[in-house]
Amino acid sequence: MSVPPPPSKDFIREIIDEDLASGKHDSTVTRFPPEPNGYLHIGHAKSICLNFGIAEEYGGRCHLRFDDTNPTKEDVEYVDSIKEDIQWLGFDWGDHIYFASDYFSKLYDWAVHLIKEGLAYVDDQSAEEMRENRGDLQTPGVESPFRNRTEEENLDLFEKMKRGEFKDGEKVLRAKIDMAHPNLNMRDPVLYRIVHAEHHRTGDEWCIYPMYDFTHGQSDALEYVTHSLCTLEFENHRPLYEWFLDNLPVPSRPRQIEFSRLSLNYTVMSKRKLLQLVQENYVSGWDDPRMPTVSGIRRRGYPAEAIRNFCKTIGITKYKSTNDIALLENSVREVLNRTASRFMAVLDPIKVIVTNYPEDQVEEFDAVINPEYPELGTRKVPFSRELYIERDDFMEDPPKKFFRLSPGKEVRFRCAYFLKCNEVVKDDEGNITEIHCTYDPETRGGENPPDGRKVKATIHWVSAAHAIDAEVRLYDRLFQHEAPDKDGDFLQHLNPESLSVLSNAKLEPNLGKVELGETVQFERLGYFCPDLDTSVEKPVFNRTVGLRDSWAKAQKKK
RNA sequence: AACUCCGUGGUGUAACGGUAGCACAACAGAUUUUGGUUCUGUUUGUCAAGGUUCGAAUCCUUGCGGAGUUGCCA
């Protein structure tokens with residue numbers, strides 16, 4: 001009898017297991033701390049899945065906390081979109097929504113506390129002077145001439161900073177740590193800066209704002225966060241994070257643990273670059289289906305479950321890796337194969353006339369909704385004398401391995417009949433305008449006929465008289481370069497063919513009932529979803545992702 | 001040549017001193033009323049050199065390579 005091995009856990013969950021086993025904590029509290037200055041992207045989704053996932057698995061909680069300490073960059077618009085995205089991903093913060101700005105007065109008191117302990121001082125140096133005196137990676141910094149002000153003077157000055165008696169940048173409050181510290185973050189970091197700006201929540205109540213470092217750990221402590229999970233670039237901030245916890249009367253002792261952020265090939269992820277794509281109109285907006293934003297992915301038709309599965313498969317480590325976008329697409333296909341209803345749609349239509357089929361006859365065939373779940377039943381698809389098929393599914397002079405329709409050849413029209421091509425009609429310029437076929441009544445429903453005849457291909461079709469006209473948008477990767485951040489300007493690597501619009505698509509009538517938010521399969525083509533731009537007059541579908549296509553792959557190799 | 005962190009197939013991720021496994025990708029085949037799905041098989045890996053040990057991806061030493069850090073951003 002073999003016992004299945006326990007599922008392997010990432011290093012963060014192992015730490016949590018130990019902390020729970022040792023009794024250091026008896027429950028877990030994590031947090032997702034976005035700054036409301038932009039839209040969430042799939043990298044954030046990784047962090048959301050980690051933090052909220054841990055809360056679910058351990059029966060703990062995960063706080064949503066907006067890190068809103070910089071009024072010049074932040075806005076409520078972002079708060080709302082961030083909340084929507086987290087919910088869409090399938091997570092719930094319950095009552096635990098917080099704002100760092102709720103702690104401003106507590107943080108102010110703690111700053112005063114540090115001054116009284118002789119651990120903070122008001123500095124009059126300009127930003128430039130501070131930079132010069134900070135030293136660099138190899139050389140120690142120089143202490144500020146204002147470093148040894150008296151407690152009274154510091155208290156007075158800090159009070160005046162708060163009251164608005166100074167202009168932006170005139171003074172800052174700094175921690176008094178060590179100007180020669182090998183970690184630059186410890187060289188008397190700034191705690192408070194003066195910013196006369198309207199804050200999206202506190203209005204003009206404050207004109208001094210705490211820095212990230214002076215806010216984050218203390219906020220964690222105030223919320224009794226046990227494990228504060230962040231990305232690798234905060235590793236160098238951990239000593240400072242702990243310095244504040246050591247020197248302030250905080251109510252709890254959170255632990256910061258860093259993990260590697262998500263990166264994907266053929267994708268840019270930095271907020272700055274995504275913003276640039278939007279502002280300079282390389283994409284239609286934050287929710288352009290080509291964007292790696294949560295809203296873009298949603299509009300593209302990726303299911304939330306696929307994102308969650310993807311985050312599970314990439315794991316959590318400290319190793320800076322680049323994930324293959326194919327892995328994400330695989331997660332998407334895996335979910336959609338299970339969940340998407342099947343329909344027929346012709347993207348690039350060419351007309352087929354079934355010459356031996358009665359002119360005004362219409363038959364309805366039963367077509368399976370999802371072959372993975374036959375119990376879901378069937379839908380009715382109308383068939384008539386005039387049909388559309390995919391231009392790619394016909395070749396007048398086919399290569400050897402081409403199984404689809406060509407002169408003299410017979411194929412199955414999915415769920416309908418075997419049709420044989422007898423004639424090709426062309427216009428004056430030689431373009432094919434119609435394909436004339438005959439059907440075999442013995443193959444009704446697409447069944448093999450009694451004579452045992454077989455065909456090598458099944459193709460999709462739409463009845464011309466019943467078709468819904470639609471626009472279909474096909475997306476390809478936004479960047480051609482595997483690492484668009486490398487080799488100069490990332491904009492140079494934009495894929496000029498990342499979007500192609502097909503305005504003459506023909507849809508099976510059932511497709512008129514697909515609702516926004518649902519992703520379906522167009523058989524043999526891929527997964528598609530109605531776009532936000534869709535209207536009764538003009539349905540618009542986005543291609544979420546294509547089906548694996550071994551025929552196309554074989555062609556490309558030649 | 002500061003400090004911190006990280007090196008396992010093409011990509012990502014396991015193995016916690018005891019057979020280097022899994023997923024994706026690639027390739028080959030079987031099945032198929034989607035050239036989809038499913039199934040089977042194949043190829044490819046512990047950064048390097050020493051050391052400890054019966055035994056090292058794992059522990060130690062040195063080297064090599066990569067990343068982050070010099071905002072009054074987060």
Side-chain angles (χ1 to χ4, degrees), chain A residues 5 7-10 14 33-35 37 67-70 72-74 100 123 125-127 130-132 134-141 168-174 181-187 189-195 208-209 211-213 215-216 230-239 258 260 265 271 313-331 333-334 337-338 342 344 367-368 371-372 401-404 412-416 418 443 445-448 455-460 521-526 546-554:
Chain A
S8 66
K9 290 190 172 180
D10 57 69
E14 281 180 0
E35 183 187 13
N37 71 342
D67 222 329
D68 55 350
T69 57
N70 187 350
T72 60
K73 290 188 175 177
E74 295 150 9
D123 196 348
Q125 291 183 107
S126 67
M130 272 183 62
R131 193 180 320 121
E132 281 162 26
R134 187 159 25 236
D136 62 24
L137 298 175
Q138 258 108 136
T139 50
D168 286 9
E170 215 175 311
K171 290 190 168 28
V172 291
L173 183 74
R174 301 177 75 178
H181 199 107
N183 182 337
L184 288 306
N185 293 128
M186 299 296 272
R187 320 244 263 226
V190 171
L191 270 29
Y192 268 91
R193 76 283 211 192
I194 299 169
V195 184
I208 56 171
Y209 291 91
M211 300 290 292
Y212 165 85
D213 285 307
T215 307
H216 204 91
C230 62
T231 46
L232 253 25
E233 62 274 25
F234 293 100
E235 223 155 17
N236 295 323
H237 293 248
R238 183 161 19 101
E258 311 86 15
S260 179
N265 56 13
K271 269 185 195 173
T313 50
I314 60 172
I316 299 290
T317 65
K318 299 191 74 139
Y319 177 62
K320 229 181 122 89
S321 55
T322 301
N323 289 272
D324 195 332
I325 194 90
L327 200 53
L328 209 208
E329 293 184 347
N330 180 263
S331 295
R333 289 196 187 99
E334 189 271 324
N337 181 50
R338 276 189 282 117
R342 316 281 132 125
M344 289 196 283
V368 172
E372 307 295 315
K401 289 257 178 109
F402 185 83
F403 302 145
R404 282 109 97 148
R412 173 186 289 114
F413 275 42
R414 173 113 180 148
C415 303
F418 281 18
T443 57
E447 305 271 354
N448 286 336
V455 289
K456 295 200 83 166
T458 298
I459 66 172
H460 61 277
Q521 185 186 109
F522 290 179
E523 284 197 279
R524 302 210 307 132
L525 296 174
L547 251 27
R548 266 195 204 85
D549 189 345
S550 50
W551 167 249
K553 198 193 283 177

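Chain naming here is simple, since letters A, B, ... match the order of the sequence lines and numbering starts at 1 in each.
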**Fill in**
Writing each nucleotide of RNA chain B 5' to 3' as (, ), [, ], | or . by Watson-Crick or G-U pairing under 3.5 Å yields .((((((..((((....[..)))).(((((.......)))))....(((((..]....))))))))))).....

**Request:** Describe the nucleic acid contact of Glu258(A) in one word from base, sugar-phosphate, nothing, applying a heavy-atom distance below 4.0 Å.
**Result:** nothing

**Asked** May Trp551(A) be described as stacking on the base of G35(B), applying a 5.5 Å centroid limit and a 30° limit on plane angle?
**Response** yes

**Prompt:** Thr458(A) side chain: which of C24(B), C73(B), U33(B) is closest?
**Reply:** U33(B)

**Message:** Judged by each residue's nearest nucleotide on RNA chain B, which is more toward the 5′ side, Lys271(A) or Phe522(A)?
**Reply:** Phe522(A)

**Request:** On RNA chain B, check which nucleotide each of Ile316(A) and Leu327(A) is closest to and give me the residue with the more 5' one.
**Result:** Ile316(A)

**Request:** Please check if the side chain of Arg524(A) supplies one atom and the backbone of Leu547(A) the other of a donor-acceptor pair under 3.5 Å.
**Result:** no

**Request:** Quick one: label Met211(A) by what it contacts on the DNA or RNA (base, sugar-phosphate, nothing), any heavy atom closer than 4.0 Å.
**Result:** sugar-phosphate

**Prompt:** If the C1' atom of A57(B) is compared with that of A15(B), how far apart are they to the nearest Å?
**Reply:** 9 Å

**Request:** Quick one: label Phe234(A) by what it contacts on the DNA or RNA (base, sugar-phosphate, nothing), any heavy atom closer than 4.0 Å.
**Result:** base

**Prompt:** Would Arg412(A) and Asn448(A) count as having a side-chain donor-acceptor pair, cut-off 3.5 Å?
**Reply:** yes

**Request:** Give Arg404(A) one of three labels, base, sugar-phosphate or nothing, depending on what nucleic acid heavy atoms sit under 4.0 Å from its own.
**Result:** base

**Message:** Main chain of Asp324(A), side chain of Asn265(A): is a donor-acceptor contact present, judged purely on distance under 3.5 Å?
**Reply:** no

Extract from the structure each pairing of a protein N or O with an N or O of nucleotides 4-10 of chain B at less than 3.5 Å, listing the distance.
residue: C5(B); atom: O2'; partner: Glu235(A); partner atom: OE2; Å: 3.4

**Item:** Separation of U34(B) P from Arg414(A) CZ (nearest whole Å)
**Value:** 5 Å

**Asked** Which part of the nucleic acid does Glu334(A) contact within heavy-atom distance under 4.0 Å: base, sugar-phosphate only, or nothing?
**Response** nothing

**Request:** Could you work out the separation of A48(B) and C64(B) based on their P atoms and round it to a whole Å?
**Result:** 15 Å

**Request:** To the nearest Å, give me how far apart CZ (Arg412(A)) and P (U32(B)) are.
**Result:** 11 Å

**Asked** With rounding to whole Å, what would you report as the distance between G41(B) and A49(B) at their C1' atoms?
**Response** 38 Å

**Message:** Among residues at least two apart in sequence or on other chains, which ones pass side-chain contact (heavy atoms from CB on, under 4.5 Å) with Ile316(A)?
**Reply:** Asp10(A), Phe11(A), Ile12(A), Lys46(A), Leu50(A), Phe259(A)

**Request:** Under 4.0 Å between any heavy atoms, over every strand shown, what does Val190(A) touch: base, sugar-phosphate, or nothing? Just pick one.
**Result:** sugar-phosphate

**Message:** Whether Arg414(A) and Glu523(A) form a salt bridge (side-chain N of Lys/Arg under 4.0 Å from carboxylate O of Asp/Glu) is what I want to check.
**Reply:** yes

